[in-house]
Amino acid sequence: MKKFFVTTPIYYVNDKPHVGSTYTTVAADVLARYHRSRGDRTLFSTGVDENSQKNVQAMEKSGETDLQAYLDRMSDTWKTTWEELGIVFDTFVRTTEPRHLAAVSRFWNAVKQSGDIYESVYEGLYCVGCEGFKTETETVDGKCPLHPNSELSPVKEKNYFFRASAYREALLNHLDENSQFVQPESRRNEIRNYITEHFTDFSISREAKQVSAGIPVPEDSNQRIYVWFDALINYLTVTGYGTDDKMCAEWWPADIHLIGKDILKFHCALWPAMLMSAAKNDPLLRDENGNPKLPTRVFAHGYFTINGQKISKSLGNAIDPRALVPTYGFDAVRYFMLREIPFGEDGDFSESRLTERYTHDLANTLGNLLQRTIAMSRKYFDGKVPPSFSHEAKYTFADEAGIRAIRNAVDTNMEACRFDLALEAIWSGVDGAHGLLHANKFIEDTQPFKLQKTDPTATGAILYSILEYLRIISLLLAPFMPDVSERMLKQLGQNTDSNLSWGGLKPGTELPEPVVLFKMLNN
RNA sequence: CGCGGGAUAGAGCAGUUGGCAGCUCGCCAGGCCCAUAACCUGGAGGUCGCCGGUUCGAGUCCGGCUCCCGCAACCA
């Protein structure tokens with residue numbers, strides 16, 4: 001049995017989730033559900049980063065003084081938001097948890113043993129925006145190019161450094177030999193360029209007196225671990241690294257890290273370099289050939305704008321995903337995010353587009369198809385699934401082969417994280433056939449509502465083939481719209497243990513009265 | 001030489017390895033009546049930002065150019 005381990009980044013708890021963080025998390029949930037449905041042993045982790053200075057600032061801004069209470073409350077908000085939205089993660093990590101501290105400690109020591117941690121009095125410029133130090137060559141006119149309007153703070157303090165530069169060549173080799181390591185392709189080029197030009201040693205600690213959050217450096221309580229160094233290790237924490245070797249050996253490495261494009265460098269350069277270093281002294285991080293176990297893929301998705309505008313809390317357009325639920329249902333929001341924007345590209349989250357997709361794709365095409373098919377079946381076949389025997393191809397909408405074509409398209413695109421194309425295959429079909437759109441056309445062409453008066457057998461064949469088709473479609477949709485899928489199956493008289501082989505729908509099955517799947521939006 | 005994204009029908013977008021330009025909405029005309037005023041058909045509407053190049057053939061590859069968007073802070 002295959003295993004599949006997918007992660008989201010851990011989010012800062014300085015605010016509640018919005019549609020942006022929801023996007024990553026939904027994508028991970030879809031992948032996890034997809035792999036579970038194929039029978040893979042699946043681990044889906046998400047969580048929060050509690051060790052950042054940003055959290056402290058947010059707390060102070062809210063007038064609170066008890067950091068732990070603040071972290072507890074905010075972490076709970078994140079966790080319960082995902083739960084309320086029906087996202088099924090297997091583990092939720094907080095970077096203040098004992099298991100994380102254990103993982104970080106073990107990891108730090110492994111890197112240290114490799115000789116890749118050294119002390120240095122750092123005299124230089126710190127960019128608060130980046131939470132990182134800048135070298136002379138990285139500044140433009142004495143400013144950080146990413147944050148040109150903020151002054152760099154001159155800092156002189158003792159820090160621990162990670163000898164990242166030692167892994168430059170190994171990283172480039174890894175990139176060359178593993179075309180899927182960084183996706184999409186454009187990001188791979190970006191990271192290659194970054195490693196070649198700018199990848200240097202990282203400061204991985206700050207003086208404790210300068211920061212009020214963070215994990216103490218093992219054996220040096222005057223220093224706190226720099227937030228990114230500890231944050232990345234969360235991906236190991238959730239596998240049991242530092243607490244459960246057996247479990248860790250089973251799950252690590254991650255099959256895919258889903259991230260936003262802004263944190264590409266940390267995941268595709270710093271993180272693998274850290275792992276290469278630690279692996280030298282930690283057998284848990286090596287494979288059977290003695291090579292470091294690095295994440296198989298890192299997939300960076302794009303960013304949305306909201307109605308054409310950048311997400312901005314000061315503009316107040318950072319939509320709380322829960323606010324959309326009463327109107328659309330969360331499944332429709334999931335569908336929209338993944339269908340509308342090619343994963344990896346930037347896009348716009350516009351409510352008018354959401355409405356359009358909802359009305360056309362979901363209510364009119366999918367919902368209406370299910371409704372009309374069930375209604376006819378009930379009406380003409382005594383409330384039951386009609387007999388399946390048919391014979392003439394012209395009275396059969398789909399068959400084993402047609403379904404397989406759709407499934408293959410879905411599988412291929414899921415593998416590539418092209419959720420938009422996977423969904424498009426379901427709606428528009430493959431090679432111009434077997435899409436939901438074709439099913440509506442098929443009804444128009446064969447006219448079962450007329451044919452039932454003269455040829456009940458043909459009518460039964462028509463309706464059976466669409467019902468059975470819809471049963472399988474509902475299973476294919478399950479990772480994307482779990483709740484809708486379940487409601488569809490129920491309307492077809494099925495349980496969720498329904499399987500993907502053609503012919504699973506039993507003629508004579510009682511069909512309950514159809515219920516509108518997506519209610520029309522009024523206004 | 002700071003980084004990245006984009007320019008395709010009125011609007012919003014797809015176009016994976018180069019092979020007669022597609023989708024949704026909107027507009028016009030028609031059909032149907034099983035269904036959520038839903039469904040189906042046909043039509044109008046594009047010099048695929050500009051200029052060169054490679055090719056039998058380029059939205060798609062190569063070179064150059066123009067314009068737009070994001071990169072203080074909050075922020076995936």
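Quick note: numbers below take in every heavy atom, side chains included, and nothing from hydrogens, waters or symmetry partners. Every chain is numbered from 1, with letters handed out A, B, ... down the list of sequences. The structure displayed is predicted, hence computed values, not measured ones.
Taking atom P in both B:C67 and B:A21, the straight-line distance is 31 Å, to the nearest Å. The gap from the P atom of B:G59 to that of B:C65 amounts to 22 Å, rounded to the nearest Å.
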Which side-chain N or O atoms in residues 508-516 of chain A pair as donor and acceptor under 3.5 Å with protein atoms at least two apart or in another chain?
unit_1 : atom_1 : unit_2 : atom_2 : d
A:T509 : OG1    : A:K506 : O      : 2.5

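If you check B:A76, B:C34, B:C3 against the side chain of A:H18, the one that comes closest is B:A76. With distances taken from any side-chain atom of A:E345 to the nucleotides B:C40, B:A35, B:G5, the minimum falls on B:G5. Proximity note for A:R418 (side chain, C-beta onward) versus B:G15, B:C34, B:U24: the nearest is B:G15. Each of B:U24, B:C34, B:G4 was ranked by its minimum atom distance to the side chain of A:R372; first place goes to B:C34. Comparing B:A14, B:C32, B:A76 against the side chain of A:F304 picks out B:A76 as the nearest. In this structure, the nucleotide among B:A76, B:A38, B:G12 sitting nearest to the side chain of A:M520 is B:A38. Each of B:A76, B:G4, B:C39 was ranked by its minimum atom distance to the side chain of A:Y11; first place goes to B:A76. You'll find that the side chain of A:N440 is closest to B:C40, out of B:C40, B:C32, B:U36. Set against B:A76, B:U41, B:A35, the side chain of A:K441 has B:U41 as its closest nucleotide. Nearest nucleotide to the side chain of A:E444, out of B:U24, B:A76, B:C39: B:C39.
Counting non-hydrogen atoms under 4.0 angstrom, A:G260 reaches the backbone sugars and phosphates but no base. Residue A:N368 is classed as a base contact, given a heavy-atom separation below 4.0 Å to a base. Nucleic acid contact for A:Y23: none, since no nucleic acid atom lies under 4.0 Å from a heavy atom of the residue.
For the pair A:K450 and A:D420, both in contact range of RNA chain B, the more 5′-proximal nearest nucleotide belongs to A:D420. Each of A:P342 and A:I263 has a nearest nucleotide on RNA chain B; the 5'-most of these lies closest to A:P342.
For A:R73 and A:E64, the salt-bridge test passes: some basic side-chain N is under 4.0 Å from an acidic carboxylate O.
Distances shown here put a side-chain N or O of A:K379 below 4.0 Å from the OP1 or OP2 atom of B:A35.
With pairs defined as Watson-Crick or G-U wobble and both atom distances under 3.5 Å, the stems of at least three pairs that touch RNA chain B come out as B:2-7 with B:66-71, B:10-13 with B:22-25, B:27-31 with B:39-43, B:49-53 with B:61-65.
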A:F518/A:L366 under side-chain contact (heavy atoms from CB on, under 4.5 Å): CA gap, chis, key distance, verdict:
CA-CA 9 Å; A:F518 299 96; A:L366 175 60; 4.0 Å; yes

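Contacts between residues 357-366 of chain A and RNA chain B, counted as heavy-atom distances below 4.0 Å, involve A:H360, A:A363, A:N364.
Donor-acceptor pairing under 3.5 Å is lacking for the side chains of A:T95 and A:H100. Defined by atom type and a distance below 3.5 Å, a donor-acceptor pair is present between the side-chain atoms of A:Y11 and A:T25. Side-chain polar atoms of A:E50 and A:S75 form a donor-acceptor pair below 3.5 angstrom.
Aromatic ring pairs are classed by plane angle as parallel below 30°, tilted from 30° to 60° and perpendicular above 60°; the pair A:F304 and A:Y23 is tilted.
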